[in-house]
Number of protein chains: 2
Amino acid sequence: MANIKDVAKAAGVSVSTVSRVINDSASVVPDKRQAVLTAMEALQYRPNSLARALVNSRSDCVGLLVGEIDSPFFGALMAGVHHVVHDSGKHVIVTAGYHHIEKERDSIRFLLDRRCDALVIHSKALPDDELVRLLELDIPIIIVNRLIKGWEHRCVYLDNEYGAYLATRHLLSKGHRDIAYIGTNIAIEDGADRVHGYRRALEEFSIPFNERKVVRTFPDEEGGHNAMAEVVSRDLGVTAVFTYNDAMAAGAITMLQDSGHRVPEEISVVGFDDVILARLLNPRLTTIRYPVYEMGALAARIVLHQLDSKFARADQPLRFTPRLIERQSVRDVAPVAV
Amino acid sequence: MANIKDVAKAAGVSVSTVSRVINDSASVVPDKRQAVLTAMEALQYRPNSLARALVNSRSDCVGLLVGEIDSPFFGALMAGVHHVVHDSGKHVIVTAGYHHIEKERDSIRFLLDRRCDALVIHSKALPDDELVRLLELDIPIIIVNRLIKGWEHRCVYLDNEYGAYLATRHLLSKGHRDIAYIGTNIAIEDGADRVHGYRRALEEFSIPFNERKVVRTFPDEEGGHNAMAEVVSRDLGVTAVFTYNDAMAAGAITMLQDSGHRVPEEISVVGFDDVILARLLNPRLTTIRYPVYEMGALAARIVLHQLDSKFARADQPLRFTPRLIERQSVRDVAPVAV
DNA sequence: ATCGCATTTGAAAACGTTTTCAAGATTGAA
DNA sequence: TTCAATCTTGAAAACGTTTTCAAATGCGAT
């Protein structure tokens with residue numbers, strides 16, 4: 001591959017001059033400029049971005065750590081980040097941590113080694129103090145989907161407690177009184193928050209919390225399926241289920257339908273996230289909207305701004321509020337005022 | 001951030017020595033090695049991968065171009081590539097082209113500028129000759145999901161014609177005689193191939209091809225929904241539909257159910273791709289399995305091999321064969337021998 | 001013609017690595 | 001003790017850029 005020297009030689013000028021026309025960082029007389037341009041064209045010259053990044057100490061890359069590369073949830077997160085980063089002429093490097101501490105660590109190391117200008121991080125496995133150590137680095141970093149105490153201004157997160165509260169309250173307002181919660185078995189803050197929201201709604205309706213009505217499994221479709229089977233087998237007279245995410249809801253619905261239960265006639269289901277799947281299930285899933293695309297976009301906007309204030313500043317709060325999306329998976333048992 | 005000189009100074013050795021212990025590329029006496037190690041630790045030193053890539057002309061990165069960053073199909077493709085590339089200690093840089101010629105071009109340029117060691121490309125928009133020009137570069141490149149004549153050994157692709165044939169034949173063998181095809185309106189080879197497969201199966205059963213039974217829209221859920229509405233409105237006595245992909249099938253099913261038609265009792269549906277969604281729909285979708293994860297993994301294995309023969313060689317053929325996955329969206333009208 | 005000033009140019013240093021090369025230190029055998 | 005052979009080491013060049021700085025050129029006014 002041709003380099004800048006080849007171009008300089010071909011155009012009969014110095015490398016400095018070539019550099020100047022590439023970046024037009026200074027004026028060059030028209031005929032030399034033209035000579036350089038044609039030489040670049042002829043040699044199919046493309047500047048080596050590594051060399052450029054080395055001297056500029058700017059790679060024009062934003063690093064992004066997600067949980068998995070293939071999942072509607074992270075797909076939306078990636079899309080949000082990609083969108084705004086590309087709009088600013090920069091690029092994204094994505095890595096996945098698979099909710100595994102070592103992989104998350106490696107991924108972040110990789111992004112840092114690559115000299116990304118900024119980072120957007122979704123981490124479930126890394127402990128707070130390790131993330132704080134990152135935040136203390138002097139590179140723009142935003143943590144997505146997690147709140148670290150004392151670092152609220154660097155975290156773009158959702159009010160999980162309120163989301164779970166909304167979902168549960170919705171079920172209660174539709175007359176349900178025996179509501180199971182299918183949660184995640186990975187020890188992570190949003191899991192705990194959602195249990196709190198569930199309990200708070202229950203309390204508001206003076207319904208005692210029953211530990212037997214919550215079962216925790218791996219937060220995917222299969223986990224939801226198994227958990228639902230467990231709930232059914234416990235025979236607690238449950239008329240509704242609230243799940244940690246839509247994938248689990250899908251698994252739960254499948255399990256119910258396969259075992260001859262009708263949804264929502266016999267058992268109502270509310271999910272969480274509102275991934276695309278939710279609209280496609282039958283019955284269409286009533287769920288809590290998690291604006292993950294918007295959150296990714298906001299995170300990206302913030303790091304870009306920190307990097308270079310010529311990018312639009314984000315004045316929005318970093319805390320997002322979930323919303324109930326009513327579809328068809330909840331039956332109205334006996335309406336009650338909220 | 002500390003650089004190699006700082007480490008050298010701290011350890012009281014030359015940069016060459018530090019480099020040697022980093023890569024252990026030559027022997028260093030134990031006490032100096034230790035001194036270097038502790039200095040690196042103390043300074044939290046991390047080699048600058050850009051500088052390293054510059055001198056080695058090896059970035060240890062594989063570039064990947066996909067259609068969209070958020071879609072189950074490309075999610076699986078990315079996951080396949082990521083998996084094998086990570087296993088070899090290298091990394092992936094993903095870009096998305098959104099099926100748009102300019103964006104695809106830009107993305108590839110970016111990956112090349114970044115000096116990726118190898119590329120895996122999924123392109124729908126770029127013309128053959130432009131891709132050929134890429135393949136002629138002396139860097140390992142594999143094209144996924146597209147067959148370029150004369151370059152079969154560089155293309156990992158699916159037998160689309162056969163997939164469509166399989167789907168249509170399945171419907172025919174279940175007694176369906178009036179089968180609509182909901183196709184893609186983007187002019188791309190696999191679209192045409194699938195129409196051919198559909199026609200071939202029809203011919204085999206001596207059923208005349210009826211242009212009115214095929215409608216083409218944008219290949220997503222909404223497109224499927226609209227296309228299905230169109231098919232219904234044409235009132236052609238259709239008892240089954242085969243769609244270009246699962247998302248369209250989902251849209252079609254939603255449309256049918258919303259307008260009071262039962263699936264599969266009134267109308268049977270067969271999709272294409274077998275993305276995760278297919279298992280979750282109700283009824284579960286009978287579809288054609290597109291082994292995209294495996295194809296991504298194979299493409300990655302090949303470029304890695306070309307890069308450095310120490311990675312396992314791929315002896316498999318580059319052409320994948322689709323398979324029918326029977327689930328519940330097809331009704332048996334009147335069995336007929338295949 | 002000459003002077004001064006502004007514009008355009010190229011040489012060289014810098015970015016942070018790896019690697020080559022030659023020199024210095026160490027070892028073992030005679 | 002000496003010599004050769006082997007190990008270990010550091011200086012310097014290289015990778016492909018950008019940028020600083022000083023020199024060269026061009027221009028208008030005198």
Side-chain angles (χ1 to χ4, degrees), chain A residues 1-37 39-40 43-61 91 109-117 139 308, chain B residues 1-37 39-40 43-61 91 109-117 139 308:
Chain A
M1 258 197 173
N3 63 20
I4 199 173
K5 270 189 206 156
D6 301 325
V7 175
K9 202 173 301 171
V13 299
S14 71
V15 294
S16 330
T17 301
V18 178
S19 174
R20 283 188 265 260
V21 354
I22 294 173
N23 308 291
D24 52 27
S25 49
S27 57
V28 168
V29 293
D31 50 346
K32 298 209 177 191
R33 144 171 263 104
Q34 193 48 52
V36 169
L37 256 19
M40 295 201 327
L43 294 169
Q44 293 269 49
Y45 170 72
R46 306 245 69 223
N48 182 323
S49 66
L50 298 171
R52 204 195 271 242
L54 186 59
V55 22
N56 290 338
S57 32
R58 264 294 179 110
S59 64
D60 283 338
C61 275
H91 291 267
R109 240 200 291 271
F110 169 75
L111 296 173
L112 254 18
D113 287 355
R114 245 345 86 165
R115 296 303 190 264
C116 286
D117 298 332
I139 114 171
D308 186 346
Chain B
M1 259 199 173
N3 64 19
I4 198 171
K5 270 190 204 152
D6 300 326
V7 175
K9 203 172 299 171
V13 298
S14 71
V15 293
S16 332
T17 300
V18 177
S19 173
R20 282 189 265 261
V21 353
I22 294 174
N23 307 289
D24 51 25
S25 49
S27 57
V28 168
V29 294
D31 52 345
K32 297 209 178 188
R33 145 170 264 105
Q34 192 49 53
V36 170
L37 256 19
M40 292 197 335
L43 295 168
Q44 292 269 49
Y45 170 72
R46 307 245 70 223
N48 182 322
S49 67
L50 297 171
R52 206 195 268 243
L54 186 58
V55 23
N56 290 339
S57 35
R58 265 292 178 110
S59 65
D60 283 338
C61 275
H91 290 266
R109 240 199 291 272
F110 169 74
L111 296 173
L112 254 18
D113 288 356
R114 254 328 98 164
R115 295 303 189 262
C116 287
D117 298 331
I139 114 170
D308 186 347

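Keep in mind that what you see is a predicted model, and the values were worked out from it rather than measured. Each chain gets a letter, A, B and so on, in the order the sequences are listed, and its residues count up from 1.
Interatomic distance, CG of Leu112(B) versus CD1 of Ile139(B), reported as 5.5 Å (0.5 Å rounding). One finds the CZ atom of Arg114(B) at 9.5 Å from the SG atom of Cys61(B) (value rounded to the nearest 0.5 Å).
For the pair Val18(A) and Val55(B), nearest-nucleotide mapping onto DNA chain D gives the more 5' position to Val55(B). When each of Val13(B) and Pro47(A) is assigned the nucleotide of DNA chain D with its nearest heavy atom, Val13(B) is the one assigned upstream, toward the 5' end.
Nearest nucleotide to the side chain of Val29(B), out of dG16(D), dT9(D), dT17(C): dT9(D). Of the candidates dT8(D), dT18(C), dT9(D), the closest approach to any side-chain atom of Ser27(B) belongs to dT8(D). Proximity note for Asn56(A) (side chain, C-beta onward) versus dT19(D), dT17(D), dT18(C): the nearest is dT19(D). Proximity note for Ser14(B) (side chain, C-beta onward) versus dG10(D), dG16(C), dT9(C): the nearest is dG10(D).
Smallest separation of non-hydrogen atoms from Leu43(B) and Ala10(B): CD1-CB, 4.1 Å.
With rounding to whole Å, Ile22(B) atom CD1 is found 10 Å from dG16(C) atom C1'. Between Leu54(A) atom CG and dA13(C) atom P the separation is 17 Å, expressed in whole Å. One atom, CG of Asp24(B), and another, C1' of dT8(D), lie 15 Å apart when rounded to the nearest Å. dT9(C) atom C1' lies 14 Å from atom CZ of Arg33(A), rounded to whole Å. Distance CG (Asp60(B)) to C1' (dT18(C)): 14 Å, rounded to an integer number of Å. Between the C1' atom of dT17(C) and the CZ atom of Arg114(A) lies a distance of 13 Å, rounded to the nearest Å. Whole-Å rounding puts the Leu50(A) CG to dT18(C) P distance at 14 Å. Rounded to whole angstrom, the span from the CG atom of Asp113(B) across to the P atom of dC15(D) amounts to 19 Å.
OP1 or OP2 of dG10(C) has not a single side-chain nitrogen or oxygen of Ser16(A) nearer than 4.0 Å. Phosphate contact (OP1/OP2 of dG16(C), side-chain N/O of Lys5(B), threshold under 4.0 Å): absent. Note on Lys32(A): every side-chain N or O is 4.0 Å or more away from OP1 and OP2 of dT8(C). Regarding contacts with the backbone of dG16(D), every side-chain N or O of Asn48(A) stays at 4.0 angstrom or more from both OP1 and OP2. Contact annotation: Asn23(B) side-chain N/O to dT18(C) OP1/OP2 distance is under 4.0 Å. Look at Thr17(A) and you'll find a side-chain N or O under 4.0 angstrom from OP1 or OP2 of dG10(C).
Between the side chains of Ser14(A) and Thr17(A), at least one donor N or O sits under 3.5 Å from an acceptor N or O. A donor-acceptor contact under 3.5 angstrom links the side chains of Asn23(B) and Arg52(B), judged on distance only. Between the side chains of Asn3(A) and Arg46(A), no donor N or O sits under 3.5 Å from an acceptor N or O.
Residue Arg46(A) is in sugar-phosphate contact alone, with no base atom involved, counting any heavy-atom pair closer than 4.0 Å across all strands shown.
If you check distances only, the side chain of Arg20(B) does reach the base of dG10(D) with a donor-acceptor pair under 3.5 Å.
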